[in-house]
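Report on the structure given below.
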Amino acid sequence: MKTIARLGIAAIAVGTLAAGIGVLQPAEAHTASEAIAAGCGSGFKTVTDGHRAVTTPTGAKWGDVYLTYNASTRENCVVTVKTSYHGTASKTLARIAIEGESSFHQDWKAYEHFAAIKVKAGGKCVAYWADIAAPTGTAHAAGGRWDFANCG
């Protein structure tokens, strides 16, 4: 009887452990490298001049934006990682513009952790931008680089 009880307790413990592991999903990335891997995929590296703070008009930092590139696929990926309101859904923007195109590419939805957008831009110069809104929508932070550079 004790053996059966121990097995039952062990099964509950293993089930609880497995459920706890399932909670840590890539969408809940906490570091820049985790967010880049989850949002862009493997092989993306932050480019020179590819990191900017996302700040409010008063200078408070709410996150970071990263411009990354994968030389194998010739794709750029922009990732906006929230530090303020991390874990709380609020509008989060990752935007990239490709020189010579009349529009930009963006991911602009309510996210808890980060937003990401990936595009093929090999041989072209790009600009990137981020925005993080407060959950109430009454305040926001922005950052990035609108000058075209990182021509790959």
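Remark: K61 pairs with D64 by the salt bridge (charged side-chain N to carboxylate O under 4.0 Å, His left out) rule, at least two apart or across chains. For the ring pair (Phe, Tyr, Trp, His ring centres under 6.0 Å) test, residues two or more places apart in sequence or in another chain that qualify with Y66 are H51. R95 meets the salt bridge (charged side-chain N to carboxylate O under 4.0 Å, His left out) test with no other residue; sequence neighbours excluded. Under the side-chain contact (heavy atoms from CB on, under 4.5 Å) criterion, D107 pairs with K109, Y111, A115, I117, sequence neighbours left out. Legend: residues meeting side-chain contact (heavy atoms from CB on, under 4.5 Å) with S42, ordered by chain and number and at least two apart, are absent.
A donor-acceptor contact shorter than 3.5 Å is absent between the side chain of S90 and the backbone of A110. Between the side chain of K91 and the main chain of H140, no donor-acceptor pair closer than 3.5 Å is present. Remark: the backbone N or O of G50 is not paired with any side-chain donor or acceptor of T46 at under 3.5 angstrom. Under a 3.5 Å cut-off, the side chain of R145 and the backbone N or O of V126 do form a donor-acceptor pair.
Among pairs with a residue in residues 129-141, none fulfils salt bridge (Lys or Arg N to Asp or Glu O under 4.0 Å), at least two apart in sequence or across chains.
Smallest separation of non-hydrogen atoms from W62 and A134: CZ3-N, 3.7 Å.
Proximity of K120 to E75: side-chain heavy atoms (C-beta onward) are separated by under 4.5 Å at one or more points.
Evaluated for a side chain to side chain contact (heavy atoms under 4.5 Å, CB included) with F44, the options L67, N70, V79 yield exactly one hit, N70.
Hydrophobic clustering (ILVMFWY, side-chain heavy atoms < 4.5 Å, transitive): I96 and V47 are in one cluster.
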